[in-house]
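Here is the structure we will look at.
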Amino acid sequence: MAPLALREGSLVVYREREDGWNDEDVDAITITRLTATCSITNNCPVAAVLSAYPIDVNGNRIPGVEVKSNTIAANATDAPVEIVMTGTITHLDGIEYEARLMAGSSDEVLAPSQTIVLKNIRATVSGYYEKEL
């Protein structure tokens, strides 16, 4: 592995999915607002935006859901982050999360030892559960 130098305006996108959540009980849930909070330590020399998107049982992002997040500064320690999803979330099967690293005017390079670490992850959900018994 070699260090990676980025010019101003360069963008690196990392995506990952956690899925397989859907079952009979989860399918009866309708979420209208989901707020996830955490603290992030970004020891990379570039800023990052962390986002998350709900995915359905077919692996697609659920349409009509607005996602808001904030930017984590380069070399930040325990920076608070809040991701808010609003809209109607049904048939939830998981989350696709995405980190976007945006190079600034720094000449520092990205090295394999640099990481972004999330701690104290918490979620608050508003919505309802509707199931015939």
Side-chain angles (χ1 to χ4, degrees):
M1 291 188 199
L4 178 64
L6 302 175
R7 289 195 161 163
E8 187 170 358
S10 295
L11 175 68
V12 175
V13 179
Y14 173 81
R15 284 191 189 106
E16 188 66 48
R17 287 179 175 224
E18 295 290 333
D19 59 11
W21 301 356
N22 191 274
D23 63 15
E24 187 177 300
D25 291 323
V26 173
D27 214 46
I29 297 171
T30 298
I31 298 170
T32 55
R33 180 181 175 93
L34 188 152
T35 303
T37 59
C38 64
S39 59
I40 292 184
T41 297
N42 175 13
N43 68 8
C44 299
V46 295
V49 174
L50 181 67
S51 300
Y53 304 93
I55 55 175
D56 64 20
V57 294
N58 297 314
N60 299 314
R61 288 184 182 180
I62 297 174
V65 177
E66 180 181 352
V67 177
K68 292 184 181 175
S69 186
N70 50 317
T71 301
I72 302 98
N75 301 306
T77 302
D78 291 329
V81 172
E82 180 178 76
I83 300 170
V84 179
M85 297 177 217
T86 53
T88 302
I89 301 171
T90 56
H91 309 294
L92 181 67
D93 190 50
I95 296 289
E96 178 180 65
Y97 51 92
E98 178 179 274
R100 291 178 165 261
L101 304 176
M102 300 159 295
S105 58
S106 172
D107 288 336
E108 290 188 59
V109 297
L110 293 177
S113 61
Q114 295 169 326
T115 60
I116 298 176
V117 178
L118 286 68
K119 295 188 294 186
N120 302 318
I121 301 169
R122 304 283 185 264
T124 305
V125 178
S126 297
Y128 57 92
Y129 180 80
E130 186 175 351
K131 187 171 181 181
E132 290 185 34
L133 297 175

Atom pair CG (Leu11) and CE (Met102), whose distance is rounded to the nearest 0.5 Å: 7.5 Å
Transitive ILVMFWY side-chain link Ile89 to Val57, under 4.5 Å: no
Test side-chain contact (heavy atoms from CB on, under 4.5 Å) applied to Val84 and Glu66, step by step: CA-CA 8 Å; Val84 179; Glu66 180 181 352; over 6 Å; no
Inter-residue atom distance Ile95.CD1 - Glu16.CD, 0.5 Å rounding: 13.0 Å
Donor-acceptor contact below 3.5 Å, side chain Asn43 vs main chain Thr115: yes
Distance (rounded to the nearest 0.5 Å) between Asp93 CG and Ile62 CD1: 9.0 Å
Worked verdict on Thr90 versus Leu92 for side-chain contact (heavy atoms from CB on, under 4.5 Å): CA-CA 5 Å; Thr90 56; Leu92 181 67; over 6 Å; no
Shortest non-hydrogen separation from Pro45 to Asn75 and the atoms involved: CA-ND2, 4.0 Å
Closest approach of Val81 to Ser69 (non-hydrogen atoms, all atoms of both residues): CG1-OG, 4.2 Å
Hphob cluster co-occupancy, Val125 + Tyr97, side-chain heavy atoms under 4.5 angstrom: no
Minimum heavy-atom distance between Arg17 and Gly59, given as atom pair plus value: NH1-O, 2.6 Å
Pairwise distance CD1(Ile40) to NZ(Lys119) - rounded to 0.5 angstrom: 11.0 Å
Residues Glu82, Arg122: salt bridge by 4.0 Å N-O rule: no
Test log, rule side-chain contact (heavy atoms from CB on, under 4.5 Å), inputs Glu18 and Glu96: CA-CA 6 Å; Glu18 295 290 333; Glu96 178 180 65; over 6 Å; no
Heavy-atom check, side chain of Leu118 versus side chain of Cys38, under 4.5 Å: yes
Check: Thr32 side chain, Thr88 main-chain N or O, donor-acceptor pair, under 3.5 Å: no
Tyr128 side, atom OH; Thr30 side, atom OG1 - distance, nearest 0.5 Å: 4.0 Å
Pairs satisfying side-chain hydrogen bond (donor to acceptor under 3.5 Å, both in side chains), at least one member in residues 49-59, at least two apart: none
Which atom of Asn70 lies closest to which atom of Pro80, heavy atoms considered: ND2-O, 3.3 Å
Reported OG1-to-CG distance for the pair Thr86 and Leu34, which is rounded to 0.5 angstrom: 10.5 Å
Shared hydrophobic cluster for Ile29 and Ile55 (ILVMFWY, side-chain gaps under 4.5 Å): no
Hydrophobic cluster identity match, Val117 and Val46, side-chain contacts under 4.5 Å: no
Co-membership, hydrophobic cluster, residues Leu50 and Tyr14, 4.5 Å side-chain: no
Any donor-acceptor pair under 3.5 Å from Asn42 side chain to Ala73 backbone: yes
Taking every non-hydrogen atom, the tightest pair across Val26 and Trp21: CG2-O, 3.4 Å
Test item: side-chain donor near acceptor, His91 and Asn22, under 3.5 Å: no
Derivation of the side-chain contact (heavy atoms from CB on, under 4.5 Å) call for Ile116 and Leu101: CA-CA 10 Å; Ile116 298 176; Leu101 304 176; 3.6 Å; yes
Student check: side-chain heavy atoms of Val13 and Glu98 closer than 4.5 Å: yes
Asp25/Lys131 under salt bridge (charged side-chain N to carboxylate O under 4.0 Å, His left out): CA gap, chis, key distance, verdict: CA-CA 8 Å; Asp25 291 323; Lys131 187 171 181 181; 2.9 Å; yes
Smallest separation among heavy atoms of Thr71 and Val49, with atom names: OG1-CG2, 3.5 Å
